[in-house]
S.K.: 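Pasting a structure below so you can have a look.
Residue numbers start from 1 in every chain, and the chains themselves are labelled A, B, ... in the order their sequence lines are given, proteins ahead of strands.
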Amino acid sequence: MCDADVSLPLLGWYDAHARVMPWRVGPQERRAGIRPDPYRVWLSEVMLQQTTVAAVRDYFRRFTARWPTVGELAAAEDGAVMAEWAGLGYYARARNLLKCARAVVADHGGVFPGDSTALRSLPGIGPYTAAAIAAIAFDEAATVVDGNVERVVARLFAVEDPLPGAKSKLAERAARLTPTERPGDFAQAMMDLGATICTPRNPACGICPLMDLCRARAAGIAPSLPRKSAKAVKPERQGIAYVATRDDGAVLLERRPEKGLLGGMLGWPGTDWAEVLPEPSPPVPADWQEAARTVRHTFTHFHLTLTVMTARVAGGTAPGRGSFVARGDFRPASLPTVMRKVHDAASLPPSGD
DNA sequence: TACACGTGGTT
DNA sequence: TAACCAAGTGT
């Protein structure tokens, strides 16, 4: 199997079925000479890391409306960017987004570097994102390998070695298929194919443009590929979150440390999250009441149960941790999801007793 | 190499 | 419903 065998039918399919996305220049426009804006390609690709298209759409629109250029994003305040990213997850992406924008302005004259090697050296841009920007925005014949491409290639070549060990083998196979013509459309076509036809479960092999080339389909094993090594069971952790509301409606929040879970995001003061429930440590002396509901949340690598404590505190109270945010300056949507759940649990009427 | 790092939709 | 899954990167 060589590149023309795959790219011709794949690009033909893409010309007819390319998904429409706010950041994408479709195949017709692309033929007419319209070039995608590297800033928008970069922003969308970072947002799409481990994240679905449906989840990204509105975030992309809000970011580009508020910061239309990389220069404007670079000049934004950290807290504004983190608040706008809230709910999208993997918050290191937002921290690196700002670092990258500022590096583009400081080191590259406000213009994204035009090749994958230089892109790769920027914060938050790894092998996938560098190849994607280079191929889509700059027509570089870079090989774009994401989870979709791994799945499509594993099936095309009937690679039965399990992931993640098979990653390098799959990347080599993908490189063989990458054409020098329309590499950006090829990359997007592979990802669209993986998202809509060559899906993880119940792939639609009967309408696949590559059905005649697919060795896994020939062998009847397409749905079982790619194989994956068994994953570890998620441990349980517990903690306490404290929601203090001042008489004037201000709420007590604190900025989390830059590194680690939810780094750089606002959250409610609380205990650590551990397998054994930590000792209470309220951020301010008050008559703390346990909320009627606990909060359940699952992160990538553990399950969490939070006990929510609430209290009213008098004006003028000086907190031991965090700072009060005025009611008018506070939006639950600017919190990471687990913290928004705490807010929702604390806002319920107290348990009847 | 292996693990940390979010979230919401699907099965 | 618990598990799986999504356009990965940094350490």
Side-chain angles (χ1 to χ4, degrees), chain A residues 18-19 21-24 40-60 82 85-97 99-100 119-133 135-136 142-152 163-168 171 174 184 186-196 198-203 223 226-237 256-265 267 273 295-304 333 335-341:
Chain A
R19 302 166 80 191
M21 303 175 192
W23 49 85
R24 179 177 274 183
R40 295 166 64 89
V41 174
W42 163 71
L43 179 61
S44 66
E45 291 298 344
V46 172
M47 287 182 166
L48 286 163
Q49 291 166 7
Q50 297 288 287
T51 308
T52 58
V53 168
V56 164
R57 274 205 163 87
D58 287 347
Y59 283 87
F60 179 83
M82 300 310 287
W85 195 277
L88 199 53
Y90 283 134
Y91 298 99
R93 293 185 294 172
R95 303 194 298 273
N96 285 329
L97 193 78
K99 285 185 194 164
C100 182
L119 288 164
R120 178 70 183 80
S121 68
L122 289 164
I125 298 185
Y128 162 78
T129 306
I133 299 170
I136 295 168
T143 302
V144 176
V145 185
D146 72 333
N148 287 306
V149 174
E150 286 179 343
R151 185 170 58 256
V152 170
L163 286 169
K167 277 181 177 292
S168 59
F186 175 82
Q188 294 175 98
M190 288 284 278
M191 294 189 282
D192 277 16
L193 188 76
T196 62
C198 196
T199 50
R201 284 176 277 208
N202 305 316
R227 307 230 161 103
K228 300 202 172 178
S229 305
K231 286 173 186 169
V233 177
K234 289 178 165 67
E236 290 283 347
R237 293 190 194 175
R256 296 174 63 86
E258 282 294 308
K259 296 200 172 188
L261 192 64
L262 310 180
M265 299 298 292
W273 301 338
V295 164
R296 275 290 286 177
H297 192 76
T298 299
F299 293 99
T300 310
H301 52 297
F302 64 94
H303 299 291
L304 176 66
L335 301 177
T337 296
V338 64
M339 298 297 176
R340 185 178 50 71
K341 288 183 182 177

S.K.: Suppose you measure atom P in B:dG6 against the same atom in C:dT11; what distance do you get, rounded to whole Å?
M.R.: 14 Å
S.K.: Given atom CH2 of A:Trp85 and atom C1' of B:dG8, what is their separation to the nearest angstrom?
M.R.: 16 Å
S.K.: Kindly say if A:Thr129 contacts the phosphate of C:dT9, meaning a side-chain N or O under 4.0 Å from OP1 or OP2.
M.R.: yes
S.K.: Look at A:Arg24 together with A:Asp192 and state whether they make a salt bridge at an N to O cut-off of under 4.0 Å.
M.R.: yes
S.K.: Among B:dT7, C:dC5, C:dG8, find the nucleotide with the atom closest to the side chain of A:Lys231.
M.R.: C:dC5
S.K.: Between A:Arg120 and C:dT9, is there a side-chain N or O to OP1/OP2 distance below 4.0 Å?
M.R.: no
S.K.: From CD of A:Glu258 over to P of C:dT11, roughly how many Å is that when rounded to an integer?
M.R.: 13 Å
S.K.: Look at all strands and tell whether A:Met21 reaches a base, only sugar-phosphate, or nothing, counting heavy atoms closer than 4.0 Å.
M.R.: base
S.K.: May I have the distance from A:Leu261 (atom CG) to B:dC3 (atom P), rounded to whole angstrom?
M.R.: 17 Å
S.K.: Quickly work out the A:Tyr128 OH to C:dG10 P distance and round it to whole Å.
M.R.: 14 Å
S.K.: Which part of the nucleic acid, if any, lies within contact of A:Pro164, taking any heavy atom under 4.0 Å across all strands shown: a base, the sugar-phosphate backbone alone, or nothing?
M.R.: nothing
S.K.: Tell me the interatomic distance from A:Leu163, atom CG, to C:dC5, atom P, rounded to whole angstroms.
M.R.: 10 Å
S.K.: Start at the 5' end of DNA chain C and walk down; is the nucleotide closest to A:Gln188 or to A:His303 reached first?
M.R.: A:His303
S.K.: Name the residue closer to the 5' end of DNA chain B, choosing between A:Gly260 and A:Arg201 according to the nucleotide with the nearest heavy atom.
M.R.: A:Gly260
S.K.: Check every strand shown and say whether A:Leu88 touches a base, only sugar-phosphate, or nothing at a heavy-atom separation below 4.0 Å.
M.R.: base
S.K.: Answer with yes or no after comparing the ring centroid distance for A:Phe299 and A:His301 against a 6.0 Å cut-off, counting only values under it.
M.R.: no
S.K.: Side chain of A:Arg120, backbone of A:Thr129: donor and acceptor closer than 3.5 Å?
M.R.: no
S.K.: When you measure from the side-chain N and O atoms of A:His301 to the phosphate of B:dC5, is any distance below 4.0 Å, counting only OP1 and OP2?
M.R.: yes
S.K.: Look at all strands and tell whether A:Lys167 reaches a base, only sugar-phosphate, or nothing, counting heavy atoms closer than 4.0 Å.
M.R.: nothing
S.K.: May I ask you to verify if any side-chain N or O of A:His297 is less than 4.0 angstrom from the OP1 or OP2 atom of B:dT7?
M.R.: yes
S.K.: How would you label the contact of A:Val338 with the nucleic acid (heavy atoms, under 4.0 Å): base, sugar-phosphate, or nothing?
M.R.: sugar-phosphate
S.K.: Could you check whether A:Arg256 makes a cation-pi contact with A:Trp273, meaning its NZ or CZ is under 6.0 Å from the centre of the six-membered ring and within 45° of the ring axis?
M.R.: yes
S.K.: C:dG8 C1' sits how many Å from A:Asn96 CG, rounded?
M.R.: 12 Å
S.K.: What does A:Arg151 touch in the nucleic acid at a heavy-atom separation under 4.0 angstrom: a base, only the sugar-phosphate, or nothing?
M.R.: sugar-phosphate
S.K.: Scan A:Gly87 against the nucleic acid and name what it touches under 4.0 Å (heavy atoms): base, sugar-phosphate only, or nothing.
M.R.: sugar-phosphate
S.K.: Considering only C:dT9, C:dA6, B:dT7, which nucleotide approaches the side chain of A:Lys228 most closely?
M.R.: C:dA6
S.K.: With a 4.0 Å limit, can you tell me whether A:Tyr90 has a side-chain N or O closer than that to the phosphate oxygens OP1/OP2 of C:dA6?
M.R.: no
S.K.: Under 4.0 Å between a side-chain N or O of A:Thr337 and OP1 or OP2 of B:dG8?
M.R.: yes
S.K.: OP1, OP2 of C:dG8 versus side-chain N and O of A:Gln49: anything below 4.0 Å?
M.R.: no
S.K.: Applying side chain to side chain contact (heavy atoms under 4.5 Å, CB included) between A:Phe302 and each of A:Leu304, A:Thr300, A:Thr298, report the one that passes.
M.R.: A:Leu304
S.K.: Could you tell me whether a side-chain N or O of A:Arg40 sits under 3.5 Å from a main-chain N or O of A:Phe60, the two making a donor and an acceptor?
M.R.: no
S.K.: Whole Å only: how far is the CD1 atom of A:Ile133 from the C1' atom of C:dG8?
M.R.: 13 Å
S.K.: For A:Val41, is there any backbone N or O sitting under 3.5 Å from a side-chain donor or acceptor partner on A:Glu45?
M.R.: no
S.K.: Could you tell me how far apart A:Met47 (CE) and B:dG8 (P) are, to the nearest whole angstrom?
M.R.: 15 Å
S.K.: Which part of the nucleic acid, if any, lies within contact of A:Arg24, taking any heavy atom under 4.0 Å across all strands shown: a base, the sugar-phosphate backbone alone, or nothing?
M.R.: base
S.K.: Does A:Thr300 put a side-chain nitrogen or oxygen below 4.0 Å from OP1 or OP2 of B:dA4?
M.R.: no
